[in-house]
Trainee: 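My questions will all concern the structure given below.
The structure presented is a predicted model; accordingly, all values stated were derived computationally and were not measured.
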Amino acid sequence: MVFESKRWKYIFGPVPSRRLGRSLGVDTVPLKTCNWNCVYCQLGRTKPLVANRREWFPREEILEEVAAALDEPNRGEIDWITFIASGETTLHAGIGW
Ligand code: SF4
């Protein structure tokens with residue numbers, strides 16, 4: 001079962017993945033924040049390219065949502081947490097934290 005709600009700002013899923021099973025997605029950057037411009041990108045063209053890392057969203061808020069999602073009984077089993085979605089996730093300066 002995939003559970004979604006509008007109250008979640010930084011996470012989605014879990015979504016089925018052939019490699020990972022059921023993967024909870026964590027989105028650390030605003031839509032199309034990326035330092036690449038891949039021709040196959042499902043998000044469209046990158047305008048402008050972003051090369052500077054910064055704390056796009058408060059790291060504590062992201063972590064709180066991940067913790068809440070792991071406690072959410074309706075969300076179902078989660079095999080992996082995946083940093084993915086709206087661009088280059090490592091452009092978040094706090095991702096190591
Ligand atoms: S989001 Fe991913 S696929 Fe799209 S331009 Fe950036 S690196 Fe390429």
Trainee: For S17, check side-chain hydrogen bond (donor to acceptor under 3.5 Å, both in side chains) against everything at least two apart and list the hits.
Mentor: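 None.
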
Trainee: Test of understanding: clusters of I, L, V, M, F, W, Y form through side-chain heavy atoms closer than 4.5 Å, transitively. Do L43 and F12 belong to the same one?
Mentor: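 Hydrophobic grouping puts L43 apart from F12.
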
Trainee: What pairs meet the ring pair (Phe, Tyr, Trp, His ring centres under 6.0 Å) rule with one or both residues in residues 66-97, with sequence neighbours excluded?
Mentor: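 Listed once each, the pairs would be none.
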
Trainee: Any side-chain donor paired with an acceptor under 3.5 Å for S23 and T82?
Mentor: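 On atom types as modelled, these side chains qualify, holding a pair under 3.5 Å.
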
Trainee: Under the ring pair (Phe, Tyr, Trp, His ring centres under 6.0 Å) definition, can you give me all pairs with a residue in residues 14-57, not counting sequence neighbours?
Mentor: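 Of all non-adjacent pairs touching residues 14-57, those that pass ring pair (Phe, Tyr, Trp, His ring centres under 6.0 Å) are Y10-F57.
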
Trainee: T33: which residues meet the side-chain hydrogen bond (donor to acceptor under 3.5 Å, both in side chains) condition with it, sequence neighbours left out?
Mentor: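 side-chain hydrogen bond (donor to acceptor under 3.5 Å, both in side chains) check on T33 returns nothing, list empty.
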
Trainee: Any chance you could measure E88, atom CD, to C38, atom SG, to the nearest 0.5 Å?
Mentor: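 Result: 9.5 Å between the selected atoms.
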
Trainee: Looking at every non-hydrogen atom in both residues, tell me the closest pair between V29 and S86 and how far apart they are.
Mentor: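 In this case the closest contact between V29 and S86 is O-CB, 3.5 Å.
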
Trainee: Just verifying a value: how many Å separate I95 CD1 and T28 OG1, rounded to the nearest 0.5 Å?
Mentor: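 The CD1 atom of I95 sits 5.0 Å away from the OG1 atom of T28.
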
Trainee: Rounded at 0.5 Å granularity, tell me how far CG in N37 sits from CG in L49.
Mentor: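 Reported to 0.5 Å precision, the distance equals 6.0 Å.
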
Trainee: With sequence neighbours excluded, what pairs up with R53 under the side-chain hydrogen bond (donor to acceptor under 3.5 Å, both in side chains) test?
Mentor: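 Scan of R53 (side-chain hydrogen bond (donor to acceptor under 3.5 Å, both in side chains), adjacent residues dropped) gives none.
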
Trainee: Can you check whether R75 reaches L24 side chain to side chain, under 4.5 Å on heavy atoms?
Mentor: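 The answer is yes; the side chains approach within 4.5 Å.
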
Trainee: Please report the interatomic distance CD1(I11) to CD1(I81), rounded to the nearest 0.5 Å.
Mentor: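 Answer for the CD1-CD1 pair, I11 versus I81, is 9.0 Å.
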
Trainee: What's the shortest heavy-atom distance between I84 and T89, and which atoms?
Mentor: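 Closest approach of I84 to T89: N-CG2, 3.5 Å.
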
Trainee: Please report the shortest heavy-atom distance between K32 and G44, naming the atom on each side.
Mentor: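 Closest pair (atom of K32, atom of G44, distance): NZ-O, 2.6 Å.
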
Trainee: Once you round to the nearest 0.5 Å, how far does CD of E77 lie from CG of D79?
Mentor: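 It comes to 5.5 Å.
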
Trainee: Quick one: CZ on R59 to CD on E64, what's the gap to the nearest 0.5 Å?
Mentor: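 Going from CZ on R59 over to CD on E64, the span is 13.5 Å.
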
Trainee: Sequence neighbours left out, what passes side-chain hydrogen bond (donor to acceptor under 3.5 Å, both in side chains) with E65? Give chain and number order.
Mentor: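 Here no residue qualifies.
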
Trainee: Hydrophobic clustering (ILVMFWY, side-chain heavy atoms < 4.5 Å, transitive) - are L20 and V26 grouped together?
Mentor: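 No, separate clusters.
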
